[in-house]
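Worksheet for the structure shown next.
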There are 2 protein chains.
Amino acid sequence: MKTRVLLIEDDLNITELVRYNLERADYKVESVADGEEGLYLAAQDTPDVILLDWMLPNLSGLEICRQLRRNEETANVPIIMLTARADEPDRVRGLEIGADDYVTKPFSPKELIARIQAVLRRVRPALAGHELRFEDISLDNVSHRVMRNDTLIHLGPTEYRLLRHFMENPGRVFSREQLLDSVWGHDVYVEPRTVDVHIRRLRKAMNEGDGKDYIRTVRSAGYALDKHR
Amino acid sequence: MKTRVLLIEDDLNITELVRYNLERADYKVESVADGEEGLYLAAQDTPDVILLDWMLPNLSGLEICRQLRRNEETANVPIIMLTARADEPDRVRGLEIGADDYVTKPFSPKELIARIQAVLRRVRPALAGHELRFEDISLDNVSHRVMRNDTLIHLGPTEYRLLRHFMENPGRVFSREQLLDSVWGHDVYVEPRTVDVHIRRLRKAMNEGDGKDYIRTVRSAGYALDKHR
DNA sequence: AGTTAATGTTACAGATTGATGGCACTTTAG
DNA sequence: CTAAAGTGCCATCAATCTGTAACATTAACT
C-alpha cells in the first residue's frame, strides 16, 4: 500500500514540484491550498504524513498544526513543516507545538523524501520497510513474513494487518471499533464481534504449540499486544 | 524519570555546551568522545536518545549510526546527528541510514531540545500516553494497566473507572451519588449502597498483601483518594 | 454503656462479555 | 473453472462482572 501524503501548501509551483517528485517515488499525494480544507481532509481520511506550509492564507501553519494535534483522528499523524523562514525561534515553536520535522525552502526533493522516511520509520516502522519486532515475534513488511522464534507463521491478510497494527502500537489497548477503523478501513461496516473471531484466529496461528499468548484481552475495552501476566 | 541522552562528540566545547544546556533542562547526559566507546556505552546502558557527531576520529558518524541500527539493543533508539556539513547529500545519507533527525552546527540549544522532544514524542507515545500517578499507584489509560509498586493489579471495568476517577481528582471527596453519576453514568439507576461494594472490591484489589489503604471513608459524605492517617 | 445511623462484608443470582466452532459465502490461486 | 483459502456472522458455552439484600461492624452521639 502506498504511503499517503497530505500536502497543505498555497504556492502552486511548490505543490507541483512536491507532487511530481513524491509520486515518482511512489507516494500518493493529496494536496490542498487552504488550511481549513486541509484540516477537513486530514480528519476525513487520515493520511500517513502531513506536509504543512508555514505561510498560508487565513490560518497560519502553526495554528493548523495545533488544531491537527487537538483532533483525535489526526493527533498522531506526523507533520513536517515546509517553510522559507530559517530563523530559529519559529522553528522551535513549530517543533514545540507538535511538528515532527522541519524543512526549509528551497529544499531538495531527495531531502524531503528522506525526512518523510525518517519520520515514518518512527511512527509506522512497517511503512518504511523496516522489520517490526516484539519479543520473539518479528514481522517484515517487505517480504510480508511473520516469524516467531525463527518459525514461519502463516497468517491470512486480515490477521496480518491486525498483527501489524498491534506491533506498531505495542501495549496500547484498542477497542473493537478502533480496530475495525484502522485495520479494516473507516468505510467498511462489519460487526464489532467479528474482531473477536480474527483475534481468535491470530492467537491460534501465533501460539501454535508452545507459544505464550501476547494478546491481552481487556474486558469491556478491547485488545492489546502485550507481554501480560 | 529523567530522559537519558548519550552524546558522542569529540569537540569538547560542543560537549560542554550541550551538556550544560541539557542538564539545565533536566536531562541526564552521558558523553563520550570516541565512536567505539559510544557504541559500547549505548549497548551497555541503552539511552533514550543518541546525539551523534558526524565527524569523529576513527569511525565516522555515519558508520556508527549504521552499527547502532544493527545492534538489537540500540536499533530503536532515536539518533540525532550533529554536523557542520550543510550539504544535502550527506544529510540525505544520514537520514537514509537511520538517523531520525539532523541538526546543523552551529545550533541553538533551544532548537536541539525542541528536536529531541519532537523525536521522543514519536518514539515514546507513552510520554503522551495518559499515565496517572498517586503515591505508589500508577494508572495508564492507554495500556489500561494499574500498577502498585511495580506489581500489576487487576481490576474489573467498574473498579478501573472508579480508581481512574479518584486519581483524576486526588484528595477530593465524592458522595455516592456523585460517584454514580460520573463513574456509572448519569442515566443509570443503581442503589447508592452499591458504591460501597465496589469501593470494597477496589480496596481489596489494591491493598493485596502489604499495601496501605489510600481510600478514605468520609462518614456521611463519601469517599476520597488520599494518603490519610 | 446503649442506641442508632452509617459503613463494611459476604454470598449469590442474573447479566455481560469474551471464546469458540460451525457454516455459508466470497475471493484468490492454480 | 475448480479447489483452497479467507471472511464475516451467528449460536452456544464459559468466564467474569454486577447489583442487591442480608447481616456484621463501627463511629458518633446521649
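Letters A, B, ... are given to chains in the order of the sequence lines, protein chains preceding strands, and every chain is numbered from 1. A quick note: this is a predicted structure, and the numbers were derived from the prediction, not measured.
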Do the side chains of [Y] and [X] get nearer than 4.5 Å, heavy atoms only?
| X | Y | answer |
| --- | --- | --- |
| Ile50(A) | Ile64(A) | no |
| Asn207(A) | Ile215(A) | no |
| Val49(B) | Tyr27(B) | no |

> Can you find a side-chain donor-acceptor pair between Asp101(A) and Tyr102(B) that sits under 3.5 Å?
Replying inline: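 Asp101(A) vs Tyr102(B): no donor-acceptor pair found between side chains.
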> Between the side chains of Arg203(A) and Thr217(A), does any donor sit under 3.5 Å from an acceptor?
Replying inline: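 Result is yes, a qualifying pair exists.
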Nucleotide [N], atom [atom2] - distance to [atom1] of [X] in whole Å:
| X | N | atom1 | atom2 | answer |
| --- | --- | --- | --- | --- |
| Leu202(A) | dT7(D) | CG | P | 12 Å |
| Asp196(A) | dG18(C) | CG | P | 7 Å |
| Leu155(A) | dT7(D) | CG | C1' | 15 Å |
| Lys204(A) | dT7(D) | NZ | C1' | 15 Å |
| Asp213(A) | dT20(C) | CG | C1' | 14 Å |
| Glu191(B) | dG8(C) | CD | P | 17 Å |
| Asn207(B) | dG8(C) | CG | P | 13 Å |
| Ile199(B) | dT18(D) | CD1 | C1' | 15 Å |

> Donor-acceptor pair, Asp100(B) side chain versus Ile79(B) backbone, under 3.5 Å?
Replying inline: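 Indeed, once roles are kept as given, a pair shorter than 3.5 Å links the two residues.
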> Would you say the side chain of Arg219(A) and the base of dT17(C) hold a donor-acceptor pair, judged only by whether the two atoms sit under 3.5 Å apart?
Replying inline: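 Checked by distance alone, the answer is yes.
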> With a 3.5 Å cut-off and just heavy-atom distances, do the side chain of Arg193(B) and the base of dG8(C) make a donor-acceptor pair?
Replying inline: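 Donor-acceptor pair under 3.5 Å: yes.
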>> If we check side chain to side chain donor-acceptor pair (under 3.5 Å) with Arg4(B), which of these qualifies: Asp45(B), Asp48(B), Thr46(B)?
In response: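 For Arg4(B), the side chain to side chain donor-acceptor pair (under 3.5 Å) check succeeds only for Asp45(B).
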>> Between Val218(A) and Ala221(B), which residue's closest nucleotide on DNA chain C lies nearer the 5′ terminus?
In response: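 Its nearest nucleotide being more 5', the pick is Ala221(B).
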Just to confirm, is there a sub-4.0 Å distance from OP1 or OP2 of [N] to any side-chain nitrogen or oxygen of [X]?
| X | N | result |
| --- | --- | --- |
| Arg203(A) | dT20(C) | no |
| Thr217(A) | dG18(C) | no |
| Trp184(A) | dG8(D) | yes |
| His154(B) | dC17(D) | yes |

>> Walk along nucleotides 23-30 of chain C from 5' to 3' and tag each nucleotide B, S or - by protein heavy-atom contact under 4.0 Å, base first, then sugar-phosphate.
In response: --------
Within the structure shown, what part of the strands sits under 4.0 Å from [X] by heavy-atom distance: base, sugar-phosphate, or nothing?
| X | answer |
| --- | --- |
| Ser220(A) | sugar-phosphate |
| Val197(A) | base |
| Tyr223(B) | sugar-phosphate |

> Got a second to check how far Ser138(A)'s OG is from Asp150(A)'s CG, nearest 0.5 Å?
Replying inline: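 Ser138(A) atom OG to Asp150(A) atom CG measures 8.0 Å (nearest 0.5 Å).
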